[in-house]
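Remarks on the structure that follows.
Just so you know, these numbers come straight off a predicted model, no measurement behind them.
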Amino acid sequence: MPHELPKAYEPGAIEARWAEYWIKEKLFSVATPPADAGDAGGGARATSASAQPVFSLLLPPPNVTGNLHMGHMFEQTQMDIIVRWHRMRGFLTLWLPGTDHAGIATQLMVERQLASEGKKRRDLGREKFIERVWEWKKKYGGNITDQMKRLGASVDWDREYFTMDENLSRAVREVFVRLYEEGLIYRGKYIVNWCPRCETAISDLEVKHEDVPGKLWEIRYPVIGTPADKPEFITVATTRPETMLGDTAIAVNIRDERYTHLHGKKVLLPLMEREIPIITDELAQPEFGTGAVKVTPAHDPNDFQAGLRNNLPQIEVMDENARMNQNAGKYAGLDRYEARKQVLADLEAGNFLVGTKDHTLPLGKCDRCATVVEPRLSTQWFIKIAPMAKRAADAVRSGEITIAPENNQQIYLNWMDNIHDWCISRQLWWGHRVPAWHCACGEIVVAREAPAACGKCGGAVEQDADVLDTWFSSGLLPFTTLGWPEKTRDLEVFYPTALMITGFDILFFWLARMIMFGCHFMRGHEQDPAIKASSGWSERKDDAVPFRRVYIHALVRDADRQKMSKTKGNVVDPLDIIARFGTDATRFTLAAMAAPGTDIAFNESRTDGYRAFANKIWNAARFMFMNVDRIADRSPWTPIKADSEILHVGVGGVKTVALEDRWILSRFNRVAADVNDALATYRFHEAANRIYDFFWGEFCDWYLELIKPRLMNEGGSARAEASVACSNLVNLFESSLRLLHPIMPFITEEIWHAMQENKTSIKSIALTAYPQADEKQFDLAAETEMAILQDLIVSVRNLRAELKVETKAKVPIEIFAHEPAIRSLIEQNRGAVERLANVESIAFAGGSLTSKAGARSTARFDVHVIYERKIDVAAECERLKKELERIEKGMTNGQKQLSNEGFLAKAPAAIVENLRKQHQELVVLQEKTLSKMKELGC
RNA sequence: GGGCGGUUAGCUCAGCUGGUUAGAGCGCCUGCCUUACAAGCAGGAGGUCGCAGGUUCGAGUCCUGCACUGCCCACCA
């Protein structure tokens, strides 16, 4: 038989094999359904609606520079669970993968590589450099997708894209041109965030602020025209004294009476000996500092605005590397911090520096390279964001897009409401080049393709040197990957995507931009109505949105809750964890810890525990196969199911001949209900824990133990009983595997295939049906009865431990059942009690057994273990005392509530009834405990 | 400066819309190589749910304040 599995589960070989198989068989590739398909996808999977429901999801494209880290794995695990779950529920499921060219990040990598050869990018020139980046991309860009493949992510690899693919690049140009034509893209000279190391503008989002201790220097500027013997000064404060070299005014507030007499006067800019005016402007706030402020229009965004208001000259004193330029006089050539030192020294020498205060200031640093950002005057391309932001905010406010967990919604809206124009040009070489062409005559042509010549003067044109922000192109992906700007069938079917799962860290960078672009460019788009309806979106009105739902997942941190980072050296490498514990165990860990909204502190010991879970499943499978083989050997009968049976929803074919059958079937259905429920609201941890508890704590610990005698039956009619038990076992096991598959795809695939013995044409468990609860299979009576038996068995085990009965020794017990029904329940399941509690014989007593040593009482029965060993009276008294305390505490609480009229009047009847019942039980138990204590002489 | 979260067993975390005696994994203690699994089985110890008030018949759960802690946003010199 093919069912001889190794004793211990070894994930490595199995996982690699299935990962390859899934790709080779193209199991997750999705063809576009034809437009007229009333019954797309075909018979067995079609639902009551006429069209097959569709579930589409875009993978947040990892950077080509990336290697897989725990955050990716966490994100992908959650997506894969949701995706597999949908696929198994009959959705036509498209999970669309790709990678991002990651402008700055990638350019940085290649520049580093060049640096190791002693070269700079400018040595190569633009074309050669870009060739070099492409080479690099070819070599390393596939790393992360290769790793994804190994994780078993069930994406459609046939549709894999790269953001600089020709069709996507064409779409980027199309978008740029349209926005320009609509007046939503403009070009202008403004203060932008500038990274002196990357030598490019960056957007507000790419600046990370960090509070650092700094200084506030107070500098006095002599007012011109005041008496030489009693000169007057005006004092300003600054955190960046080197910028004073570019000052073109001093501003005071018009309401500030301290300075009224100086309105219209000039000061002499120290060190530069330049006369600059004192102006009145709201820039200066009387409450802050001295109320007077230096104005440097070329180096500060506020000053820039003030400069425009007052027609001030803009004097740039730094170059693109933040070194002082020729406008900085004798400081030219110095680095900005060198210059700062020199300026301060000179100011002090000239007696202009009048104060130095400690001052904590938020320092902006480049997100990529951590260089301190310098506000810089430069000509850039911008998106006029307000109109798009408004629609993007409305899409969320109106519920056309829902964001979970909910608190992220407000964060999103706050950001949208306070948004600034977006600087989209970058002075980089790697990326989508701005589709604008410049002529020497000053004309700029924005076009989809390079014009032959300047339309105005006929001169030669040259393409704009800048490239676009990476997020400009990735913001378009939900529709460009589906064929936009063409009107494709893919867009009709898969757009809007159903869901976006991503991290909080790119909420603004990416998510917000996708919504803005989607709402703008897909306005008027309509999803195929049949598909929209069958997929459950009939109530949504707006099909322009890039996705219907957003789920923001938490962050993975290290075991000490620290953010993982290379510099801290606390990065947990998922591949290393996988090598040690297996992919399934790692996935299960991430799922089990993924409570929405709570960051994960990744802890290996949990993974180790889930590796044990995989092993448990493995061994349960061995047990099953052992029985299948043994039973099948004696007759041609086989419990393995045929295709048609595998596709049913839930468990089929279980014959409920015994209590445990009814019980486990009922429990299975509850788990199925809970798991489906949990997944629908992204409570991955709940789904994982429910399955874990069910499979281990109920299926293995109780069900398998309970059916062993039936399985082992050898002769006569008992043989048929064994077959039924075995068949039940197989059916339940197979359904459990399906239930678990989205979380642990590998081990479930392996065992499932072994169960099929090549008798199925279905290529993967991933293509079977996901178990749904069948209400007819809920059996409350069985659950209650089973709970009583478990209670009895555990009580006896307890007593045995207390009495220190040798493990192997069987003991006789007596039971007093409070009701005849309890007695008959126990009688009917006598064998189970005897086996699982190691009992020799069961006698039924006619009255209370509480007076006996070695007895336990519950509200339904007393049980007495008959054993000559004297119990430790002191220890037993101690236990009883604790027990009594617990009981009486419960009674006091109950009494208090039951005598409270407010409670009786206002609490739901069921709660009151429960409490009454519980209180009555406590009364019985108290009495029993007390009499027992008396007996023992406690 | 604004906003958001966290604080529950030795450790890492659950506990959804307030309702029986607050749970799990790991670790710890005791006993078992029981014919699927020692990566296992059986049993056990361990918590005044950060602090102080409040709402309620009833609070780990809701409200207020405080403490500690983490994160995000922010052009105030």
Just the rounded figure in Å: distance from [atom2] of [N] to [atom1] of [X].
X: E287(A); N: C76(B); atom1: CD; atom2: C1'; value: 11 Å
X: E802(A); N: G31(B); atom1: CD; atom2: P; value: 16 Å
X: F602(A); N: C11(B); atom1: CZ; atom2: P; value: 20 Å
X: N603(A); N: C26(B); atom1: CG; atom2: P; value: 12 Å
X: E604(A); N: C13(B); atom1: CD; atom2: C1'; value: 17 Å
X: D693(A); N: G15(B); atom1: CG; atom2: P; value: 14 Å
X: N408(A); N: G3(B); atom1: CG; atom2: P; value: 17 Å
X: L507(A); N: C4(B); atom1: CG; atom2: C1'; value: 12 Å

Say we look at [N] and [M]: how far apart would their [atom1] atoms be, to the nearest angstrom?
N: G15(B); M: C49(B); atom1: C1'; answer: 11 Å
N: C29(B); M: U34(B); atom1: C1'; answer: 22 Å
N: U8(B); M: G70(B); atom1: P; answer: 15 Å
N: G50(B); M: A14(B); atom1: P; answer: 14 Å
N: C72(B); M: G65(B); atom1: C1'; answer: 24 Å
N: U64(B); M: C71(B); atom1: P; answer: 25 Å
N: C13(B); M: A22(B); atom1: C1'; answer: 14 Å
N: C26(B); M: G3(B); atom1: C1'; answer: 36 Å

For [X], which contact category applies under a 4.0 Å heavy-atom criterion: base, sugar-phosphate, or nothing?
X: K357(A); value: nothing
X: A284(A); value: base
X: V794(A); value: sugar-phosphate
X: P908(A); value: base
X: L283(A); value: base
X: N302(A); value: base

From [X] [atom1] over to [Y] [atom2], what is the distance, rounded to the nearest 0.5 angstrom?
X: H685(A); Y: L590(A); atom1: NE2; atom2: CG; result: 14.0 Å
X: I385(A); Y: C423(A); atom1: CD1; atom2: SG; result: 11.5 Å
X: I250(A); Y: L269(A); atom1: CD1; atom2: CG; result: 7.5 Å
X: D505(A); Y: T502(A); atom1: CG; atom2: OG1; result: 6.5 Å
X: D303(A); Y: D247(A); atom1: CG; atom2: CG; result: 8.0 Å

Notebook entry, point to check: Which heavy-atom pair separates T280(A) from N310(A) by the least distance, and what is that distance?
Noted result: O-OD1, 3.9 Å
Checklist line | Base-pairing string, 5' to 3', of RNA chain B - Watson-Crick or wobble, under 3.5 Å, | interstrand | finding: (((((((..((((.....[...)))).(((((.......))))).....(((((..]....))))))))))))....
Next item on the list: Check RNA chain B against residues 680-692 of chain A and give the residues with a non-hydrogen atom under 4.0 Å, in numerical order.
Entry: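 Of all residues in residues 680-692 of chain A, the ones placing a heavy atom under 4.0 Å from RNA chain B are R683(A), H685(A), Y692(A).
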Margin query: So if I define the base as every atom that isn't primed, P, OP1 or OP2, how would nucleotides 32-41 of chain B read as a B/S/- string at a heavy-atom cutoff under 4.0 Å?
Written below: SS--BBSBSS
Note to self: Checking side-chain polar atoms at under 3.5 Å, does Q410(A) have a donor or acceptor matched by the opposite partner on N414(A)?
What the structure shows: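 Yes, because at least one side-chain N or O of Q410(A) sits under 3.5 Å from a partner of the opposite role on N414(A).
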Notebook entry, point to check: Considering heavy-atom distances to RNA chain B, does A801(A) or R606(A) have its closest nucleotide positioned more toward the 5' end?
Noted result: R606(A)
Item checked: Nearest-nucleotide 5' precedence on RNA chain B, I411(A) against S605(A) ->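 Mapping each residue to its closest nucleotide by heavy atoms, the 5'-most match is I411(A).
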Note to self: If you take the centroid of each ring, where Trp contributes its six-membered ring, are F382(A) and Y190(A) closer together than 6.0 Å?
What the structure shows: yes
Within a reach of under 6.0 Å around [atom1] of [X], are more than 12 heavy atoms found that belong to other residues, nucleotides or ligands?
X: E406(A); atom1: CD; value: no
X: R860(A); atom1: CZ; value: no
X: K357(A); atom1: NZ; value: no

Next item on the list: Take Y610(A) and Y692(A) through the ring pair (Phe, Tyr, Trp, His ring centres under 6.0 Å) test and state the conclusion after the steps.
Entry: CA-CA 9 Å; Y610(A) 294 126; Y692(A) 180 97; 5.6 Å; yes
Check: Nearest to the side chain of Q285(A), which nucleotide is it out of A14(B), G43(B), C76(B)?
Finding: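 The nucleotide sitting nearest to the side chain is C76(B).
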Next item on the list: Evaluate side-chain contact (heavy atoms from CB on, under 4.5 Å) for W618(A) paired with F623(A), printing each intermediate quantity in order.
Entry: CA-CA 9 Å; W618(A) 189 252; F623(A) 174 77; over 6 Å; no
Margin query: Is it the case that the side chain of D367(A) and the backbone of V207(A) share a donor-acceptor pair, with hydrogens and angles ignored and the cut-off at 3.5 Å?
Written below: no
